[in-house]
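Not measured: the values here are computed from a predicted model. Side-chain atoms are counted along with the backbone in the values below, which use heavy atoms only and exclude waters and symmetry mates.
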Amino acid sequence: MRIKLSGKLLVAAAALALAACGGGGNSSFQPLPIVPPAPPPPPPQAETVNIFSNPTPQDYASVGVWANAGDTSSPPFDVQFTALTGAESSQPKIRYTPDGYYEVQLPGDAFDRLIHDTSVPDPTSDNTVFEQLSQPNRSFVISGSRSSGYRYSEMAKWARPDLDFAQTVDMGFVAFGTPTPAGGIPVTGTASFQGQILGATDLPSTACDCGFPIAVEGTVALNFDFGAGTLGGSMSMALTSGWGPVPVGDYAFVQTVFSPGSSSYSGRFDTNLPGENFFLGRFTGPNAEETIGAWAVPFHFQDESHQAIGAWIARKGQ
């Protein structure tokens with residue numbers, strides 16, 4: 001009896017196998033389809049670089065100043081600003097592309113896409129530290145001015161290995177923004193602008209065993225008479241440090257150059273100290289609501305003359 005039962009089981013198994021292979025006449029058995037495994041989820045996308053709110057494709061206006069800071073890789077860590085210039089042709093260019101990317105062209109380089117610095121873990125839209133996609137040794141750090149209410153202007157510091165000398169470093173500051181069209185510059189009335197500065201000095205930091213230049217912060221005030229074509233103002237500067245800002249000077253504007261309807265201006269600071277001394281500026285916003293500037297000024301500290309460079313942004317009526 002057991003043998004006959006086993007034979008029946010074998011016959012049934014053979015019939016099922018035949019049906020699975022397409023035989024078996026009218027059998028309705030169909031094999032289960034092979035379902036491929038689900039693809040892995042795409043890697044998380046980093047936040048896009050966020051500089052201006054609601055940007056549109058454009059070339060931004062910019063003014064800047066840059067210098068070679070010498071060899072900061074080994075003692076005695078002297079910071080020596082050489083080849084210092086504010087020439088427009090020697091400053092970074094910034095644009096926002098139709099593809100939705102910010103691109104920066106440093107002096108002597110090609111345009112390259114700006115991305116979050118890879119040393120920043122999980123960057124958000126509030127990140128201000130960037131690098132270039134093709135050349136990550138180019139740093140670009142913005143001030144985050146939109147968090148202070150600026151709509152059309154930003155400033156940044158940048159650095160890279162010098163293009164000609166192996167151990168020296170190029171560094172600079174640039175202010176940039178949406179340029180005011182010719183018809184948006186007032187030609188009558190007056191306006192005052194107040195703002196902030198960002199910069200560095202040729203003083204090496206004592207906070208680390210390195211050649212980091214000591215940074216500066218401060219304020220700027222500009223007073224325009226658009227009808228008369230005149231400009232007055234001043235800049236206050238302080239060294240930054242671990243225990244708080246150290247004021248080093250207030251500098252009135254002198255030898256200013258501005259004319260009715262002009263989108264740009266320039267001048268010098270009231271000091272007789274030796275060194276580079278100038279400022280350059282442009283208006284930003286549809287109706288010159290804001291302004292951007294770059295500057296260089298010598299200053300006196302601990303019985304010696306030193307050099308500072310930087311940028312500024314300012315808003316009307318603030």
Indicate yes or no: at least one non-hydrogen side-chain atom of [X] is less than 4.5 angstrom from one of [Y].
X: Val216; Y: Phe299; answer: no
X: Ile309; Y: Phe81; answer: yes
X: Asp270; Y: Tyr251; answer: no
X: Arg95; Y: Val104; answer: no
X: Arg138; Y: Trp158; answer: no
X: Pro247; Y: Ser236; answer: no
X: Gln255; Y: Phe278; answer: no
X: Ser139; Y: Glu131; answer: no

Distance check, rounded to the nearest 0.5 Å: [X] atom [atom1] versus [Y] atom [atom2]?
X: Gln132; Y: Phe140; atom1: CD; atom2: CZ; result: 8.5 Å
X: Asn277; Y: Arg268; atom1: CG; atom2: CZ; result: 4.0 Å
X: His306; Y: Leu203; atom1: NE2; atom2: CG; result: 4.5 Å
X: Arg113; Y: Gln135; atom1: CZ; atom2: CD; result: 15.5 Å
X: Asp170; Y: Asn68; atom1: CG; atom2: CG; result: 5.0 Å
X: Asn223; Y: Thr190; atom1: CG; atom2: OG1; result: 8.5 Å

Give the cluster check for [X] versus [Y]: same hydrophobic cluster or not, with ILVMFWY residues linked at side-chain heavy-atom distances below 4.5 Å.
X: Phe130; Y: Tyr101; answer: no
X: Ile115; Y: Ile142; answer: no
X: Phe301; Y: Ile214; answer: yes
X: Tyr152; Y: Ile313; answer: no
X: Val297; Y: Val254; answer: no

For this session: Please lay out, stage by stage, how Met237 and Ile197 fare under the test side chain to side chain contact (heavy atoms under 4.5 Å, CB included).
Result: CA-CA 8 Å; Met237 188 173 70; Ile197 71 171; 4.2 Å; yes
Before giving the answer on side-chain hydrogen bond (donor to acceptor under 3.5 Å, both in side chains), spell out for Asp250 and Ser234 the whole-Å C-alpha distance, their side-chain angles and the decisive distance to 0.1 Å.
CA-CA 7 Å; Asp250 298 314; Ser234 63; over 6 Å; no
Closest non-hydrogen atom pair, [X] against [Y]:
X: Ala288; Y: Ile185; value: CB-CD1, 4.4 Å
X: Met171; Y: Pro213; value: SD-CG, 3.8 Å
X: Pro260; Y: Gly227; value: CG-O, 3.5 Å
X: Val220; Y: Phe253; value: CG2-CZ, 4.1 Å
X: Ser266; Y: Leu280; value: CB-CD2, 4.0 Å
X: Ala159; Y: Val169; value: CB-CG1, 4.4 Å

Under 3.5 Å, side-chain donor or acceptor atoms of residues 55-67 against the rest of the protein: list the pairs with distances, not counting sequence neighbours.
{"unit_1": "Ser62", "atom_1": "OG", "unit_2": "Pro92", "atom_2": "O", "d": "3.1"}
{"unit_1": "Trp66", "atom_1": "NE1", "unit_2": "Ser90", "atom_2": "O", "d": "2.7"}

Just by modelled atom types, is the [Y] backbone N or O under 3.5 Å from a matching donor or acceptor in the [X] side chain?
X: Asn137; Y: Arg160; value: no
X: Glu154; Y: Gly144; value: yes
X: Ser145; Y: Ser153; value: yes
X: Glu304; Y: His300; value: no
X: Thr180; Y: Gly285; value: yes

Distance-only side-chain donor-acceptor flag, [X] / [Y], under 3.5 Å:
X: Asp99; Y: Thr97; result: no
X: Thr284; Y: Thr178; result: no
X: Gln307; Y: Thr201; result: no

Item to complete: Please test Phe52 against Arg146 for side chain to side chain contact (heavy atoms under 4.5 Å, CB included), starting from the C-alpha separation and ending with a verdict.
Response: CA-CA 7 Å; Phe52 294 106; Arg146 69 178 182 275; over 6 Å; no
| Looking at Arg315 and Glu290, does any basic side-chain N land under 4.0 Å from a carboxylate oxygen? | no
I'd like to know whether [atom1] of [X] has more than 12 heavy-atom contacts from other residues, nucleotides or ligands below 6.0 angstrom.
X: Arg151; atom1: CZ; result: no
X: Asp122; atom1: CG; result: no
X: Glu88; atom1: CD; result: no

- Could you walk me through whether Met155 and Gln196 pass side chain to side chain contact (heavy atoms under 4.5 Å, CB included), step by step? CA-CA 10 Å; Met155 54 185 172; Gln196 59 198 61; 3.5 Å; yes
- Does the pair Val141 and Lys157 meet the rule for a side chain to side chain contact (heavy atoms under 4.5 Å, CB included), with working shown? CA-CA 5 Å; Val141 182; Lys157 57 183 177 181; 4.0 Å; yes
Subject >> Qualifying residues under ring-ring contact (aromatic ring centres under 6.0 Å, His included), relative to Phe224, sequence neighbours excluded >> reply: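 For Phe224, the residues satisfying ring-ring contact (aromatic ring centres under 6.0 Å, His included) (neighbours in sequence not counted) are Phe193, Phe226, Phe258, Tyr265, Phe283.
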**Request:** Test His116 against every option in Thr128, Thr48, Asn127 by the side-chain hydrogen bond (donor to acceptor under 3.5 Å, both in side chains) rule and name the one that passes.
**Result:**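 In the set Thr128, Thr48, Asn127, the residue that makes a side-chain hydrogen bond (donor to acceptor under 3.5 Å, both in side chains) with His116 is Asn127.
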* To do: Fit a plane to each ring of Phe279 and Phe269, take the angle between them on a 0 to 90° scale, and name the class: parallel (under 30°), tilted (30 to 60°) or perpendicular (over 60°).
  =>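 Judged by the thresholds at 30° and 60°, the geometry between Phe279 and Phe269 is tilted.
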query = Between Tyr102 and Tyr96, is the gap from one ring center to the other below 6.0 Å?
reply =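 For Tyr102 and Tyr96, the ring centres are under 6.0 Å apart.
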